[in-house]
Amino acid sequence: KSWLEIIMAVAQAKNGYKVLFFTTEMSKEMVMRRIDAVWNGFNYSLFKKGQLQPKDQKRYFDYLDEMAKTPDDKVMLVVEQATGGISQISAKIDQYQPDIVYVDGAYLLEDEEGDEDNWMGIVRIWRGLHRLCLLKKIPIVTTTQSKDEYGATIKSLSFAKALSNECDVLGVLEQDEQQRNDREASIRFLKLREGDTLATVHMNWDFDKMKYNSIYKEKTVEQTEVKNVSGVIMLD
């Protein structure tokens with residue numbers, strides 16, 4: 001799920017949208033390493049081991065030089081470590097004025113009311129993100145966990161009731177054994193506020209060749225569970 005957010009964030013930044021990316025589970029350095037690999041199309045296994053071919057090494061250093069020369073207000077993809085809660089997200093949105101925000105693992109954000117009830121804390125986090133969407137008028141994409149590795153439903157997702165109340169779009173990233181062998185994966189949408197049908201997007205998922213473009217899309221079942229959803233996007 002972190003990789004999918006990074007892939008989406010890089011694509012949007014390359015298309016001229018300013019992206020603000022919060023990480024809760026990984027360090028900023030680890031996220032930036034993944035961003036650099038996706039941005040440049042490097043084989044990630046070789047890249048993280050420092051084993052790029054000479055031509056790719058030169059391209060990487062040229063890329064770093066270009067990034068170093070870019071003024072702060074022109075940087076299209078900003079990564080921040082999420083060490084607080086909704087107020088930190090809000091303050092950074094005001095600081096950077098992004099077009100879209102990603103929060104990798106929003107369930108790990110701090111519950112600023114400090115309630116000992118984990119469920120209520122998570123509800124306040126999702127609700128706070130939803131309110132930020134409305135207040136700041138920008139989309140927020142975040143992730144949660146699922147108890148099912150394949151064939152997940154809304155009820156499979158952690159804190160499903162809170163998600164159902166606060167999200168415009170819910171989707172799962174999944175991969176069966178055949179897809180794993182073929183280096184493919186699917187994004188299957190479980191909930192859409194706008195539109196009458198759900199869909200599954202099948203995509204390449206090859207991190208040696210950094211190939212993750214869509215292969216085809218198929219409509220699935222008619223949407224039946226969407227009721228008063230609003231706010232954020234969830235990808236598991």
Side-chain angles (χ1 to χ4, degrees), residues 1-9 12 19-27 30-31 34 79-90 92-93 100-113 115-134 136 138-176 185-193 198-201 203 205 212 220 223 225-236:
K1 58 186 184 291
S2 299
W3 272 114
L4 181 59
E5 284 198 314
I6 288 170
I7 290 166
M8 294 168 63
Q12 289 162 340
V19 180
L20 177 56
F21 192 105
F22 289 93
T23 174
T24 64
E25 298 179 295
M26 295 185 289
S27 66
M30 186 177 296
V31 172
R34 293 186 179 194
V79 178
E80 287 283 348
Q81 194 82 46
T83 57
I86 298 300
S87 61
Q88 180 196 13
I89 306 295
S90 178
K92 292 298 182 181
I93 290 173
I100 187 167
V101 175
Y102 287 85
V103 184
D104 185 24
Y107 51 89
L108 293 177
L109 290 174
E110 176 187 340
D111 172 24
E112 293 170 326
E113 292 189 31
D115 197 306
E116 293 183 1
D117 187 331
N118 189 46
W119 166 259
M120 287 305 301
I122 293 296
V123 169
R124 278 192 291 270
I125 288 170
W126 298 142
R127 189 166 296 160
L129 291 173
H130 168 212
R131 288 171 177 168
L132 280 183
C133 290
L134 298 176
K136 307 297 184 182
I138 58 174
I140 297 177
V141 182
T142 187
T143 58
T144 188
Q145 298 173 319
S146 171
K147 63 183 179 182
D148 296 316
E149 292 186 5
Y150 192 79
T153 65
I154 291 176
K155 292 181 180 179
S156 303
L157 306 181
S158 300
F159 310 103
K161 185 177 180 180
L163 301 186
S164 297
N165 289 334
E166 304 297 342
C167 297
D168 282 326
V169 180
L170 270 172
V172 293
L173 176 67
E174 57 188 10
Q175 185 182 60
D176 61 22
S186 298
I187 303 174
R188 183 164 53 86
F189 291 96
L190 302 178
K191 178 172 284 188
L192 302 173
R193 183 175 187 178
L198 302 177
T200 299
V201 178
M203 59 190 296
W205 197 249
Y212 35 76
T220 53
Q223 182 176 345
E225 297 186 75
V226 181
K227 295 181 180 179
N228 300 320
V229 288
S230 52
V232 294
I233 300 171
M234 298 298 182
L235 296 165
D236 176 70

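Residues take their numbers from the sequence shown, with the count starting at 1.
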### Task
For the pair W205 and L173, evaluate side chain to side chain contact (heavy atoms under 4.5 Å, CB included) and give the outcome as yes or no after the intermediate values.
CA-CA 11 Å; W205 197 249; L173 176 67; 3.9 Å; yes
## Note on the structure
What one should report as the nearest heavy-atom pair of D111 and G121 is OD2-CA, 3.4 Å
### Task
Kindly compute the distance separating OG1 (T200) from CG (L190), expressed to the nearest 0.5 Å.
9.0 Å
### Task
Determine whether Y212 and M8 make a side-chain contact, defined as any pair of heavy atoms from C-beta on separated by less than 4.5 Å.
no
### Task
First locate atom CD1 of I6, then atom CE of M30, and finally report the distance between them rounded to the nearest 0.5 Å.
10.0 Å
### Validation row: F189, V169 side chains within 4.5 angstrom (heavy atoms)
yes
### Query
If you take all heavy atoms of V31 and M26, which pair is closest and at what distance?
CG2-CE, 3.8 Å
### Query
Once you round to the nearest 0.5 Å, how far does NZ of K92 lie from CD of Q81?
11.5 Å
### Side chains of W126 and T144 in contact at under 4.5 Å (non-hydrogen atoms)
yes
### Partner of S2 under side-chain hydrogen bond (donor to acceptor under 3.5 Å, both in side chains), chosen from T23, T24, D104
D104
### Message
Tell me every residue that passes side chain to side chain contact (heavy atoms under 4.5 Å, CB included) with R127, counting only those two or more places apart in sequence or in another chain.
### Response
V123, R131, E166
### Min side-chain heavy-atom separation L109-F22 under 4.5 Å
no
### Message
Would you say that Y102 contacts L4 through its side chain, given a criterion of any heavy-atom pair below 4.5 Å between the two side chains?
### Response
no
#### Entry: Whether T143 side chain and G105 backbone form a donor-acceptor pair below 3.5 Å
yes
### Query
So how far is it from C167 SG to L129 CG, rounded to the nearest 0.5 Å?
9.0 Å
### Message
Once rounded to the nearest 0.5 Å, what's the spacing between atom CG of L20 and atom CD1 of I140?
### Response
9.5 Å
### Message
Please give me the minimum heavy-atom distance between V103 and E5, naming the atom from each residue.
### Response
O-OE2, 3.6 Å
### Task
Supply the atom-to-atom distance Q88 CD to E80 CD, rounded to the nearest 0.5 angstrom.
7.0 Å
### Query
So, do I138 and I100 sit near enough that their side-chain heavy atoms are less than 4.5 Å apart?
no
